Colleague: 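Would you mind keeping the following structure in view while I ask a few things?
Bear in mind the structure is a predicted one, so any value in this text is a computation, not a measurement.
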Amino acid sequence: MPRRILIIVGHPDPFPERLCRALASAYADGAERAGHVVRKIDLASLDIPLLRTMQEFEHGAIPDSLKEAAEAVVWAEHFVFVFPLWLGTVPAMLKAFLEQVMRPGTAFAYPAKGEGFAKSLLRGRSARLVVTMGMPAAIYRIWFLSHGIAGMRRGILNFVGIKPVRETLFGAVASASEAKRAKWIGQMRVLGERGL
């Protein structure tokens, strides 16, 4: 069954030859060939202002530069985040983007006074985190317990109702051969075809 898929490229460097962009393009190609409807957001091309106060987060307007992206978040049934691991977690630009678009009224609603917990507004959606990193992926999972990705999954995506969140980690990318990169790109194309 065709899905509405939003691919978010979270590499802050706009250089077109980045592996993250190749992985995202392969996923989009596979998804479109399988009949899924795909939208793509490349964060390096956006103006993403930083939120500085709780007041701004709760009551400020989403910046004009991100209104289309916020609409795409509400539209999507499945999210694919493609980003490099920086200092063990997501790049600051991706975190700033999520803070802007995963706001009250878009991604969750605060409860009325004295009425329990926040209400997730993005229930029924799923996501895949595609992460490139310099270290071997097994080291990140076993030694570091994937802490940065776990924080994004639990503290942001699960909080707003996005479940399940699957992970695809590509490690030791700097030393990967062209054959290995081609294999990864093929893997992303297959995931796109399956809408996973």
Side-chain angles (χ1 to χ4, degrees), residues 1-12 24 27 36-44 46-131 140-141 144-169 191 195-196:
M1 176 179 219
R3 303 182 81 187
R4 297 188 307 270
I5 298 174
L6 179 60
I7 300 171
I8 298 166
V9 181
H11 201 307
Y27 187 100
H36 301 292
V37 181
V38 176
R39 291 187 189 176
K40 195 170 172 186
I41 297 172
D42 190 331
L43 300 189
L46 297 177
D47 175 27
I48 306 172
L50 296 177
L51 284 170
R52 298 182 185 273
T53 67
M54 182 63 108
Q55 174 72 17
E56 187 181 358
F57 174 72
E58 292 180 336
H59 304 291
I62 291 175
D64 288 343
S65 61
L66 297 176
K67 282 186 176 164
E68 192 175 314
E71 290 167 6
V73 165
V74 173
W75 166 87
E77 295 173 313
H78 181 65
F79 299 87
V80 180
F81 294 91
V82 185
F83 58 91
L85 190 74
W86 282 10
L87 294 176
T89 190
V90 304
M93 183 177 278
L94 176 53
K95 181 70 164 52
F97 172 79
L98 291 168
E99 288 173 359
Q100 287 285 7
V101 300
M102 297 292 187
R103 291 207 198 187
T106 301
F108 71 97
Y110 285 116
K113 240 183 170 99
E115 287 190 15
F117 300 103
K119 179 182 178 187
S120 302
L121 299 180
L122 298 178
R123 288 192 184 283
R125 287 136 165 113
S126 59
R128 177 167 298 277
L129 307 180
V130 179
V131 187
Y140 185 64
R141 284 181 201 221
F144 293 100
L145 303 175
S146 300
H147 71 280
I149 295 170
M152 180 179 176
R153 183 183 64 247
R154 289 192 305 259
I156 301 171
L157 301 178
N158 290 170
F159 175 73
V160 300
I162 300 171
K163 304 177 190 184
V165 177
R166 296 175 179 92
E167 299 168 7
T168 301
L169 307 182
L191 288 171
L196 292 174

Colleague: Taking the side chain as every heavy atom from C-beta outward, state whether Tyr140 and Ile149 have any atom pair closer than 4.5 Å.
Modeller: yes
Colleague: Is there a side-chain contact (heavy atoms from CB on, under 4.5 Å) between Met93 and Ile48 once you walk through the steps?
Modeller: CA-CA 7 Å; Met93 183 177 278; Ile48 306 172; 3.7 Å; yes
Colleague: Taking atom OG of Ser120 and atom CG of Asn158, what is their separation to the nearest 0.5 Å?
Modeller: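 One finds 9.0 Å between OG of Ser120 and CG of Asn158.
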Colleague: If you compare all heavy atoms of Ala44 against all heavy atoms of Pro12, which two are closest, and at what distance to 0.1 Å?
Modeller: CB-O, 3.4 Å
Colleague: Take a 6.0 Å sphere around NZ of Lys95 and say whether it holds more than 12 heavy atoms from other residues, nucleotides or ligands.
Modeller: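 Not buried by this count: 12 neighbours or fewer within 6.0 Å.
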Colleague: Have a look at Ile41 and tell me which of Val9, Leu46, Val101 forms a side-chain contact (heavy atoms from CB on, under 4.5 Å) with it.
Modeller: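 Looking at Val9, Leu46, Val101, the match for Ile41 under the side-chain contact (heavy atoms from CB on, under 4.5 Å) is Leu46.
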Colleague: Applying side-chain hydrogen bond (donor to acceptor under 3.5 Å, both in side chains), which residue pairs with at least one partner in residues 61-73 are found, sequence neighbours left out?
Modeller: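 Every pair satisfying side-chain hydrogen bond (donor to acceptor under 3.5 Å, both in side chains) with a residue in residues 61-73: Asp64-Lys67.
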Colleague: Could you tell me whether the side chain of Thr168 reaches within less than 4.5 Å of the side chain of Arg128, counting heavy atoms only?
Modeller: yes
Colleague: To the nearest 0.5 Å, what is the distance between CG (Asp42) and CD1 (Ile7)?
Modeller: 11.0 Å
Colleague: Does Gly105 offer a backbone N or O that forms a donor-acceptor pair with the side chain of Tyr110 under 3.5 Å?
Modeller: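 No, because the side chain of Tyr110 does not come within donor-acceptor range (under 3.5 Å) of the backbone of Gly105.
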Colleague: Using 0.5 Å steps for rounding, measure from the CG atom of Leu51 to the CD atom of Gln100.
Modeller: 4.0 Å
Colleague: Taking the side chain as every heavy atom from C-beta outward, state whether Tyr27 and Ile5 have any atom pair closer than 4.5 Å.
Modeller: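 Counting from C-beta outward, Tyr27 and Ile5 do come under 4.5 Å.
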Colleague: Where the side chain of Arg103 meets the backbone of Ala70, is there a donor-acceptor pair that is under 3.5 Å apart?
Modeller: no
Colleague: Mind listing the closest non-hydrogen atom pair of His11 and Pro84 along with its distance?
Modeller: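 Shortest heavy-atom separation between His11 and Pro84 comes out as CD2-CG, 3.5 Å.
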Colleague: Looking at residues at least two apart in the chain, or sitting in another chain, which of them share a ring pair (Phe, Tyr, Trp, His ring centres under 6.0 Å) with Phe159?
Modeller: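 Partners of Phe159 under the ring pair (Phe, Tyr, Trp, His ring centres under 6.0 Å) test: Phe108.
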Colleague: Run the side-chain contact (heavy atoms from CB on, under 4.5 Å) check on Met152 and Leu98 step by step: do they pass?
Modeller: CA-CA 10 Å; Met152 180 179 176; Leu98 291 168; 3.9 Å; yes
Colleague: If only atom types and distance count, is the side chain of His36 paired as donor or acceptor with the main-chain N or O of Arg3 below 3.5 Å?
Modeller: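 The answer is yes, because a donor-acceptor pair under 3.5 Å joins these two groups.
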Colleague: Got Arg4 and Arg39 here, is their nearest side-chain heavy-atom distance under 4.5 Å?
Modeller: no
Colleague: Assess the residue pair Ile162 and Phe79 against the criterion (side-chain contact (heavy atoms from CB on, under 4.5 Å)); give the C-alpha distance rounded to whole Å, side-chain angles, the decisive distance to 0.1 Å, and a yes or no.
Modeller: CA-CA 9 Å; Ile162 300 171; Phe79 299 87; 3.6 Å; yes
Colleague: Test of understanding: with salt bridge (Lys or Arg N to Asp or Glu O under 4.0 Å), list the residues that count as partners of Glu56, not counting sequence neighbours.
Modeller: none
Colleague: Output yes when a side-chain donor or acceptor of Arg125 lies under 3.5 Å from a complementary backbone atom of Ala76, and no otherwise.
Modeller: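 A pair under 3.5 Å: yes.
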Colleague: Rounded to the nearest 0.5 Å, how far does CG of Leu157 lie from CZ of Phe81?
Modeller: 5.0 Å
Colleague: Provide the closest heavy-atom pair for Pro49 versus Pro63 in the form atom of the first, atom of the second, distance.
Modeller: CG-CG, 3.6 Å
Colleague: For Leu196 versus His78, what's the shortest heavy-atom pair and its separation?
Modeller: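 Minimum heavy-atom contact is C-NE2, 3.2 Å.
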Colleague: Determine yes or no for a side-chain-to-main-chain donor-acceptor pair under 3.5 angstrom, with Arg153 supplying the side chain and Val165 the backbone.
Modeller: no
Colleague: Has the side chain of Glu99 got a donor or acceptor atom that lies under 3.5 Å from a matching backbone atom of Leu50?
Modeller: no
Colleague: Taking atom OG1 of Thr106 and atom CG of Leu121, what is their separation to the nearest 0.5 Å?
Modeller: 8.0 Å
Colleague: Nearest 0.5 Å please: distance from the CH2 atom of Trp86 over to the CG atom of Leu94.
Modeller: 11.0 Å
